[in-house]
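Counting starts at 1 for both ligands and their atoms, following the listed order.
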Amino acid sequence: MKVALASDHGGVNIRKEIANLMDELGIEYQDFGCDCEGSVDYPDYALPVAEKVASGEFDRGILICGTGIGMSIAANKVKGIRCALVHDTFSAKATRAHNDTNILTMGERVIGPGLARDIAQIWLTEEFEAGRHATRIGKISEYEQK
Ligand code: RB5
């Protein structure tokens with residue numbers, strides 16, 4: 001699995017925590033910044049990462065901003081992206097098992113680094129259950145083709 005990782009200025013610390021986690025888990029990833037001192041615009045990071053995942057260049061994406069909300073709104077605009085904003089471990093598992101999400105967002109101003117790490121680890125390792133859940137995702141994909 002190859003993961004595209006990015007944050008805006010509001011998510012730099014958790015992004016570094018997630019990079020360390022992926023190093024420990026032996027997961028291949030590329031860090032797309034930001035290398036920012038000042039403030040940047042989250043769509044400038046969310047949209048390129050989402051496009052890399054949608055095109056198949058990367059299998060998954062993880063995006064961090066202050067709330068996780070802006071990143072998730074932007075990422076979900078890209079066709080083929082199923083992005084979830086997650087701040088608890090139950091949803092981290094469920095959104096992989098049921099929604100086969102390919103991008104995870106979290107908010108550094110909402111949760112701490114320990115919980116973010118647990119969420120990311122679950123999300124990176126949980127399998128999609130398919131079956132009835134695949135039927136439901138298929139309906140979203142069909143809608144996207146209209
Ligand atoms: C930046 O101040 C903040 O708006 C951004 O990180 C994010 O929370 C947007 O949704």
J.: Provide the number and element of each atom of ligand 1 under 4.0 Å from a heavy atom of Gly66.
T.: 5 (C), 6 (O), 7 (C), 8 (O)
J.: Test of understanding: given a 4.0 Å heavy-atom threshold, classify the contact between Met71 and ligand 1 as side chain, backbone, both, or neither.
T.: neither
J.: For the NE2 atom of His98 and the CD atom of Glu129, what is their distance to the nearest 0.5 Å?
T.: 4.5 Å
J.: State whether the shortest distance between N or O atoms of Tyr42 and N or O atoms of ligand 1 falls below 3.5 angstrom.
T.: no
J.: Closest non-hydrogen protein atom to atom 10 (O) of ligand 1, residue and atom name please, with distance?
T.: Gly70 N, 2.8 Å
J.: Counting distance only, does the side-chain N/O of Ser55 pair as donor-acceptor with the main-chain N or O of Lys52 below 3.5 Å?
T.: yes
J.: Run the side-chain contact (heavy atoms from CB on, under 4.5 Å) check on Asp100 and Arg82 step by step: do they pass?
T.: CA-CA 7 Å; Asp100 196 20; Arg82 291 180 301 282; 3.3 Å; yes
J.: Apply salt bridge (Lys or Arg N to Asp or Glu O under 4.0 Å) to the pair Glu144 and Lys79, showing each step before the final yes or no.
T.: CA-CA 7 Å; Glu144 276 184 326; Lys79 203 181 270 191; over 6 Å; no
J.: Does a salt bridge link Arg117 with Glu17, judged by any charged N lying under 4.0 Å from a carboxylate O?
T.: yes
J.: Using a strict cut-off of 4.0 Å, indicate which atoms of ligand 1 neighbour a heavy atom of His9.
T.: 1 (C), 2 (O)
J.: Which residue holds the protein heavy atom closest to atom 2 (O) of ligand 1, what is that atom called, and what is the gap in Å?
T.: Arg109 NH1, 3.3 Å
J.: Identify the protein heavy atom lying closest to atom 6 (O) of ligand 1, giving its residue, its atom name and the separation to 0.1 Å.
T.: Asp8 OD2, 2.6 Å
J.: Do you see a protein non-hydrogen atom under 4.0 Å from atom 4 (O) of ligand 1?
T.: no
J.: Roughly how far, to the nearest 0.5 Å, is the CD1 atom of Ile18 from the CG atom of Leu5?
T.: 7.5 Å
J.: Any nitrogen or oxygen of Cys65, side chain or backbone, less than 3.5 Å from one on ligand 1?
T.: no
J.: Is Thr67 touching ligand 1 with its side chain, its backbone, both, or neither, if touching means heavy atoms under 4.0 Å apart?
T.: both
J.: Atom NZ of residue position Lys2 - does it have more than 12 heavy atoms of other residues, nucleotides or ligands inside 6.0 Å?
T.: yes
